[in-house]
Each structure stands twice: as structure tokens, then as C-alpha cells.
Number of protein chains: 2
Amino acid sequence: MATILIVDDEPDIREVIRFALEGTGFRVLEAGHADEARKLMQSEEPDLILLDWMLPGRSGLELAQQLKQNPKSRGIPIIMVSARGEEEDRIRGLETGADDYIAKPFSPREMVARVNAVLRRSKPEESSDQIEIGGLRIDNVSHRVTAEGQRIDVAPTEFRLLHFLMSHAERAFTRSQLLDQVWGEQIYVEERTVDVHVRRLRKALEETGHDNLLQTVRGVGYRFSDKP
Amino acid sequence: MATILIVDDEPDIREVIRFALEGTGFRVLEAGHADEARKLMQSEEPDLILLDWMLPGRSGLELAQQLKQNPKSRGIPIIMVSARGEEEDRIRGLETGADDYIAKPFSPREMVARVNAVLRRSKPEESSDQIEIGGLRIDNVSHRVTAEGQRIDVAPTEFRLLHFLMSHAERAFTRSQLLDQVWGEQIYVEERTVDVHVRRLRKALEETGHDNLLQTVRGVGYRFSDKP
DNA sequence: CCCGGTCGTCACATCCTTGTCACGGGATCT
DNA sequence: AGATCCCGTGACAAGGATGTGACGACCGGG
């Protein structure tokens, strides 16, 4: 389940956004100004930041720049929120590295849609073609899974599942999210089906001595991680 | 570092893209319309073109077609940029020969990621005349396939298929991609036809003891590789 | 005109994948 | 501890994907 950090000095706006996002299953953090945001960044590691363009003191734009310069936070996508729908602002927002932009009389539904869109395309940062984590390598071009050169045989669906989880490593997903992302949104299959595929993947990985990479998050779903 | 040519009539958009790409180390050229683009093509030889789908006068689509028809420019990958996220446009864009497509409210990061992906894909385009992998040698000049000096007889279509797969070794292709690349994009033949040709090739290779070079990737298609 | 070679399709056989179930062991909460 | 919920696991049947042999059409050269 992804964690979203809202940075806005207007509590009302924060409330609207929180309501929309929590209803969709996100975890929501709030900060009223840049310093608070920085603090939360360190303790909570959000997956996405909703940043108001006009903040008291340092503007949101500056905060965005800062975040994008810091190697630790630069991977976290930012959606700029602005009261004005000016094109100029939009350009400037994107220039500083924001991943998307939303003008302030926005509908909750639009908000959620954008958050989802940005999250979907955020993590596969670089190539997403080749990912190696914890000694396990998945290659989307040659369509292979290998561990220290040794190849691991994986069925098509398992491949997609593993690829998705690895390109979003460290993040936990619900079964429902995995079905949407890996199977497709229209397809209907039982949620427990995910369990079975995870099991098959685990079995395949175990044979090369890679345990514990596919971790279950009780009450939520699964996560790929090389940290125990 | 690679040179990227941006063709878009909106200076602001160009600016955003330039910013994102230069920050990543690319060299950036800009053109506001098709004629300017054509001029730059000759003097600068860009490695990739970012082409707006809506251009004044001739549409970007037409320019794309032109570029893909000219033998000199056809090797340069094109990413179409569109203001509308319509699926139909996307299809049309790809049909004319664009290598990728990006809808206009895009994030700089996504832009950079796609540019990198397309560049990486188009690189092994080394149309080298002689390739030798796994003891198998294919010669595009003498049009021969040999294994340890021993000649292997291969029909024309099989030759093209083998040559394509060998010059992109390790990469898995769908049947559809193979039809486009080996048969041609306009030709319509059944996808399963690919299977039959692969089989014929396998049979020919087996006779000289070269198995497992043409590998099937379940749920995807085929791949040439000397690694098991 | 006949013949060998090439090519695209089929039909059929096989093997692989995959979605579900049912069962049971653990974990969690009261 | 007991009740409940959640997850791991093995088995299975149906459906899909791929391998394979055969066939007719087409083409160019004897």
C-alpha cells in the first residue's frame, strides 16, 4: 500500500485530498510547510508527494528542487498542486522535476487518477528492462530470469508478476493491485490466485537458493525485497 | 552522448524537453516545423527524433512517414509526442513507423526513460555482414550459413529470419515483431507461420548438431541464443 | 510443360500454464 | 485458550500455446 505525503498550508485542501486518497486505500501523511515535510520524509519514506506550489516561506517549487537534487529523495515522484491553472506555472513545475501537475479546482477523482498514473510509471525509473536485486536478475528484453548466471525457468504470468514486483521493489501490493497491474484491469480472477503464483515463484527461486525475496505482508499482500 | 532532435511548434514544450534531456547529458537540437527539421537532419545527423504529432502545415505524421521512407534517415528512431492521449492516434503513430509514443502531459522522467529505452533498443542495429554465435556463422554477403565450415542449406525466408534473430541475439521477439521485421510490415501472414519457419530452421541446424540456438519463449515468441 | 524448391495454412498431438479448491498450519485478537 | 482470519500447499482439470507432418499453390528453370 503506497504512502502519500501531502504538503499544503491549507488544512481544508489537505482534508479533501486525504479523504479522496484514503478512500482508495492509500496511507496519507500531511505537512503544513516545507520543514515539516522534510521531517516526515526522513521518518516515513513516502512513495509520492503532493506538493502545493505556493507555500509560505520557501515556495513549493524550491522544496521540489531540493528533493530532486538529493539522491535519496530524487526517486520519489512529485505532483505539483497549484491554485492557478497558468500554463507558465505548469512549465516551471515540470522543469524542476515534478512528474505531474494538477490545477487547484480539481475533482477528487482526477486527483486519484493522477496519483495512480504517476505511481504506475514512477518506479521503473531507468530502463526497467534489466533489474537486479539481491542477486536475482530479471531481463525484460531477453525475457530471462537468472541468479548468478544460472537461469531460472518461469512461466509467462509468473514472469510478469516477478517483473512487476522487482521493478517496484520494497513496496507492498495488495492482491487486488497485483491483479490489476499484472493480469489487467478487466480480467477477473480470484484474489487467492495471486498466492498460488507467488508460491510457484518462490519454489522456482528456492531451487537456486534465493529465499525470502518474495515476502508476504500479512493483511496486505506481497512485496519483493532483498532485505529480510 | 547521443544527439536528440525535438520537432515541435510550441517553444515551451521544447524548453521542457530540452531541460530534461540536457540534464541527463544529451545534446539537444530544436526545430519548430518540418522544414527546419529536414534541414537539421542533414547537417547534424541526430540519433533520435522527438516528433510532435500536430505540426502546422504538414502534420508530424507525414514527416515521420517521409523519414522512414528515406533510406538515409530510416534507421533513426522516432518517438511521437501527442497532445491527445487517444489510443487511435497511438496506433496510427506506431503504424507509420514511430518507435515509441508518449502522450503530452508527460513527466520529464518518463521522457528521459523512453528516450533511453528507444536508444538502447535501436543500438544493436549493427548490420554487420558476418555474425558468428555459438559456432554458427551467417554471412549476409555470400548469403550462406555455416557451422564449422560445414554448409547449411537454408531457404531465403529462413535466411532472413535467422539473420535477424542472430543480429539481435539474446533478445526475445513476438511473432508479430518477427513478421514486421522479416516479412515486412504490410504483408499479412498468419502468426503461426513463424513457428513453421522456426521449425524448418531448427531442423536444418540440428543436422549439424546445433540444437537449442533457436529458443522458444513461452507466451512471447522466439529468441536466438547460444546460452542454454 | 514438368519438376524441384519454397512458402503459407491446416489439423492434430502434446506439453505447459493457469485458475480454483480444499485442507491445514499459523498468526492474531479477545 | 478458543475463535477467527490469513496464508502456504498440493492436486487437478480445462484451456492455451507450441511442435510437427502434410498439402496445395506458386514460381523459375530446365
Side-chain angles (χ1 to χ4, degrees), chain A residues 1 143-145 151-165 172-207 210-225, chain B residues 143-145 151-165 172-207 211-225:
Chain A
M1 199 55 68
H143 255 267
R144 273 180 153 147
V145 183
R151 75 194 177 86
I152 304 178
D153 229 28
V154 176
T157 303
E158 269 106 62
F159 184 92
R160 287 198 304 275
L161 176 59
L162 181 61
H163 184 261
F164 178 78
L165 286 173
F173 295 91
T174 65
R175 293 168 175 75
S176 169
Q177 288 175 313
L178 291 173
L179 287 176
D180 280 357
Q181 299 290 332
V182 178
W183 275 255
E185 305 204 358
Q186 318 88 317
I187 313 293
Y188 174 72
V189 288
E190 287 296 321
E191 294 210 337
R192 292 299 309 276
T193 297
V194 175
D195 299 30
V196 179
H197 283 277
V198 166
R199 170 164 178 300
R200 288 171 180 156
L201 271 174
R202 279 174 176 163
K203 201 194 249 177
L205 299 189
E206 267 175 28
E207 288 175 4
H210 287 72
D211 299 11
N212 241 48
L213 288 172
L214 286 169
Q215 304 170 348
T216 132
V217 184
R218 212 178 163 74
V220 181
Y222 296 96
R223 163 181 56 201
F224 185 98
S225 167
Chain B
H143 240 256
R144 271 189 182 156
V145 182
R151 247 189 92 171
I152 304 180
D153 219 31
V154 177
T157 303
E158 268 108 61
F159 183 90
R160 286 200 306 274
L161 176 59
L162 182 61
H163 184 261
F164 178 77
L165 286 173
F173 294 93
T174 65
R175 292 168 175 74
S176 170
Q177 289 175 313
L178 291 173
L179 287 176
D180 281 356
Q181 299 291 333
V182 178
W183 275 255
E185 306 205 359
Q186 316 88 319
I187 313 293
Y188 174 72
V189 287
E190 287 297 321
E191 293 209 336
R192 292 299 309 276
T193 297
V194 175
D195 299 30
V196 179
H197 283 277
V198 165
R199 162 140 193 321
R200 289 170 179 157
L201 271 173
R202 279 176 176 162
K203 204 192 246 176
L205 299 189
E206 266 175 28
E207 289 175 4
D211 299 12
N212 243 48
L213 288 172
L214 286 169
Q215 304 171 349
T216 133
V217 184
R218 274 222 158 224
V220 181
Y222 297 96
R223 162 183 59 202
F224 185 97
S225 167

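All of these numbers come straight from a predicted model, not from anything done at the bench. Sequence lines set the chain letters: A, B, ... in the order given, protein chains first and strands last, and positions in each chain run from 1.
Judged purely by atom type and a 3.5 angstrom limit, A:Gln181 has no side-chain atom pairing as donor or acceptor with the backbone of A:Leu178. Without hydrogens or angle criteria, B:Arg202 side chain to B:Leu214 main chain gives a donor-acceptor distance under 3.5 Å.
Ring-plane geometry between A:Phe159 and A:His143 is classed as parallel, the angle between the planes falling under 30 degrees on a 0 to 90 degree scale with a further cut at 60.
An OP1 or OP2 oxygen of C:dC7 is reached within less than 4.0 angstrom by no side-chain nitrogen or oxygen of B:Trp183.
Direction change of the helix axis from one end of the helix from C:dC1-D:dG30 to C:dT30-D:dA1 to the other is 30°, with five pairs defining each end axis (rounded to 10°).
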A:Thr157 and A:Trp183: side-chain contact (heavy atoms from CB on, under 4.5 Å), yes or no, with the steps? CA-CA 8 Å; A:Thr157 303; A:Trp183 275 255; 3.6 Å; yes
Could you walk me through whether B:Glu191 and B:Leu179 pass the side-chain contact (heavy atoms from CB on, under 4.5 Å) test, one step at a time? CA-CA 7 Å; B:Glu191 293 209 336; B:Leu179 287 176; 4.3 Å; yes
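No side-chain donor-acceptor contact under 3.5 Å links A:Tyr188 and A:Gln186.
When each of B:Glu158 and A:Tyr188 is assigned the nucleotide of DNA chain C with its nearest heavy atom, B:Glu158 is the one assigned upstream, toward the 5' end. Toward the 5' end of DNA chain C, the nearer of the two residues B:Val154 and B:Glu191, judged by each one's closest nucleotide, is B:Val154.
In this entry the distance linking CG of B:Leu201 with P of D:dG19 reads 13 Å, nearest Å. The CG atom of B:Asp153 sits 11 Å away from the P atom of C:dC7 (whole-angstrom rounding). In this structure, B:His197 atom NE2 and C:dG8 atom P are separated by 4 Å, rounded to whole Å. Summarising the geometry, the separation between CZ on B:Arg223 and P on D:dT18 is reported as 13 Å, rounded to the nearest angstrom.
Screening A:Gln215, A:Arg175, A:Gln177, A:His197 for a side chain to side chain contact (heavy atoms under 4.5 Å, CB included) involving A:Tyr222 leaves a single residue, A:Arg175.
B:Thr157 comes within 4.0 angstrom of sugar-phosphate atoms only, judged by non-hydrogen atoms across all strands, and of no base.
B:Phe224 places none of its side-chain heavy atoms less than 4.5 Å from the side chain of B:Phe164. Between B:Asp211 and B:Leu205 the shortest side-chain heavy-atom distance does not fall below 4.5 Å.
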Can you give one letter per nucleotide of nucleotides 6-15 of chain D, 5' to 3': B if a protein heavy atom sits under 4.0 Å from the base, S if only from the sugar-phosphate, - if neither? BBBBSB----
